[in-house]
Structure formats: structure tokens, C-alpha cells
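Residue numbering restarts at 1 for every chain, and letters A, B, ... go by the order of the sequence lines.
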There are 2 protein chains.
Amino acid sequence: MGATKSEIFTPAQNHMARMTKALAHPARIAIIQYLFARRSCVCGDIVDVVGLAQPTISQHLKELKSAGLIKGSVEGTSVCYCIDQKNWSVMKDLLSPFLNLDAAILNDCC
Amino acid sequence: MGATKSEIFTPAQNHMARMTKALAHPARIAIIQYLFARRSCVCGDIVDVVGLAQPTISQHLKELKSAGLIKGSVEGTSVCYCIDQKNWSVMKDLLSPFLNLDAAILNDCC
DNA sequence: GGCTTATATTGTAATATTACGATTATTGAA
DNA sequence: TTCAATAATCGTAATATTACAATATAAGCC
């Protein structure tokens, strides 16, 4: 036990959970917001702004990257991280219809 | 170590992370989808449909409830769970602007 | 080559999550 | 009040996450 039973869910459900999981930490929310704000894409700047230790940020960046939400490229001695526009869009198209499910039409039985 | 450092993030960032975390498991996605589909709101039916053991589903329901996304009421010997319309709406208003951040206007430096 | 800067990786401790068997309420019915 | 049905809680094992110090790697510069 202890590991998620992915086999019993649909690919879409697993994909959605994978995306929400990537966003399920305030540091990763902060990183994404910073990248959208476009002040900088440099890894070191992210470390300074977010306020966690460098290895911790590196770990969070790795998770965002493996989820496909960001991509990185080496720029001299530093590394530049950017939103992966295509995958971000895919995620949006997956999550938006879910969030927009209209709860108002439900006959509230609770 | 090991625990998230919530203190260093904004309330909005923590709130967003809390919501995405509640959705960060395929079983919880499946439960929400089932409740929106309105075939039933009965806990036992959820257990049958999702395909995890009853205590596991009960645990997931508890997490969704503590995140405020669902609410439950006792109906005889069973328990009825429903989407919490108000909080679902709050979450949507919090997450949608984030998801809709336009990546297309970014000058992609990676 | 050596030196500096920037980031990734390793190792590890603390904590959290996932899953389920066994058990315990709780409710309604006999 | 005893019984059956339903869901919650307890206990626990397996696994995953979070965080960081220490170290390693890589890229540019002298």
C-alpha cells in the first residue's frame, strides 16, 4: 500500500490529477506566477524571490518540468526557465471544463 | 524538515495550493465528477463506482470536505455528499485567472 | 589549467499521503 | 433491544513529499 492506484482511473483523470498535483504547493504556485510576471526567468532569481533554499527550489523546478508546465535552457552559467506555453494550454483545456461544471443547477440534496 | 513552509507564502498562494492539493488525486477527481453527474450522492455508491476500499474513500471524502469542496449530510443509515456550490465557485474564481494567464504573449526565452 | 558562479544531485531527516483490515459508532428496522 | 446496514475511525505498512546541508557538475573567465 501507500502508492496511488492509477490503473483503476481513466487517463484523463490521471492526467488532471498530475497537473493539479504539480500545482499543489505554494512554492510552485509562486514560481509559476513569477514566470508569468516575466521579471526574470533566471533560476537564481527564483531562489531569491521565493525564499526557500536553492536545492529545494531546484527540486520544485524539476517537478514542474517533469509535469511539463515549464521548460529550461542553459544560458551561460545560469539556467533560464519559462512556462511551456503548449502544455500550459493543454492543462487549461483539461481543467477549465472541470472547474466550470455548473454547481448552481444541482438540486442540492445536502 | 518535511513540512511545507506556509508562512513564507501569501494567503492567496496557500489557498490556491490547498485547493489544487484537494484535487491532486485521481480518486478525488472521480468523486467530484460523479457528484456533478448527479447519479447519486450516496457514499456507498461512490465506493462502488470508484473502486477503492470503503475506508480509503471515506478518507478522500474527508479531505474534500475539509478543503470545503463538498459537504455531507446523514440520510438514514447512509450519508449524502454534495458539491459545496459556494466554495466551488470561490475556488473557480481563484484558479481561473491563474489558468488563464496568457502564455502566448510571453517572449519565450527558452 | 585553475577560479568563480550558478545549478543539479546526493543523502537524509521529518512529515504527509495512500491504502486497507479491523473495529467502532450510528441509524433504522424487526 | 437485538440485528443488519452504512459509514467513520483506528492502526499500521508502504510510499511520497518537503526541506536543506554537503557535494558534484557545468560553463565562462583569467
**Ser58(B) and Gln54(B), any side-chain heavy atoms less than 4.5 Å apart** = yes
**Nucleic acid contacts - residues 47-66 of chain B versus DNA chain C, non-hydrogen atoms under 4.0 Å** = Leu52(B), Ala53(B), Pro55(B), Thr56(B), Gln59(B), His60(B), Glu63(B)
**Aromatic ring pairing His60(A)/His25(A), orientation class (parallel under 30°, perpendicular over 60°, tilted between)** = tilted
**Request:** Determine yes or no for a side-chain-to-main-chain donor-acceptor pair under 3.5 angstrom, with Thr56(B) supplying the side chain and Leu52(B) the backbone.
**Result:** no
**Message:** I'd like to check Leu64(A) versus Leu69(A) (side-chain heavy atoms, cut-off strictly below 4.5 Å). Are they in contact?
**Reply:** yes
**Message:** I'd like to know if the side chain of Thr4(A) reaches the main chain of Ser6(A), judged simply by a donor and an acceptor atom lying under 3.5 Å from each other, with no hydrogens or angles considered.
**Reply:** no
**Asked** So, does Asn87(B) use its side chain to make a donor-acceptor pair with the main chain of Gly68(B) at under 3.5 Å?
**Response** yes
**Asked** Excluding sequence neighbours, so at least two apart, what forms salt bridge (Lys or Arg N to Asp or Glu O under 4.0 Å) with Lys71(A)?
**Response** Asp108(B)
**Asked** How do Thr4(A) and Thr4(B) order along DNA chain D: which one's closest nucleotide is nearer the 5' end?
**Response** Thr4(A)
**Item:** Any residue of residues 17-26 of chain B with a heavy atom less than 4.0 Å from an atom of DNA chain C
**Value:** Lys21(B), His25(B)
**Complete:** For Asp45(A) and Ser40(A) the tightest heavy-atom approach is OD2-OG, 2.6 Å
**Request:** Keeping to residues at least two apart or across chains, list the side chain to side chain donor-acceptor pair (under 3.5 Å) pairs with something in residues 8-22 of chain A.
**Result:** Thr10(A)-Gln13(A), Gln13(A)-Gln33(B)
**Message:** Under a 3.5 Å distance rule, please check whether Arg28(B) uses its side chain to pair with a backbone N or O of Leu23(B) as donor and acceptor.
**Reply:** no
**Prompt:** Would a distance-only check, ignoring hydrogens and angles, find a side-chain to backbone donor-acceptor pair under 3.5 Å from Ser96(A) to Asp93(A)?
**Reply:** no
**Request:** Please check if the side chain of Ser89(B) supplies one atom and the backbone of Gln85(B) the other of a donor-acceptor pair under 3.5 Å.
**Result:** no
**Message:** Can you measure Arg28(A) atom CZ to dA16(D) atom P for me and round it to whole angstrom units?
**Reply:** 15 Å
**Message:** Let's see if you get this right: which residues in residues 5-13 of chain B place a heavy atom under 4.0 Å from DNA chain C?
**Reply:** none
**Asked** Tell me, do Cys82(A) and Ile70(A) make a side-chain contact under 4.5 Å, heavy atoms counted?
**Response** no
**Item:** Near-strand residues of residues 74-81 of chain A, defined as heavy-atom separation under 4.0 angstrom from DNA chain C
**Value:** Thr77(A), Ser78(A), Val79(A), Tyr81(A)
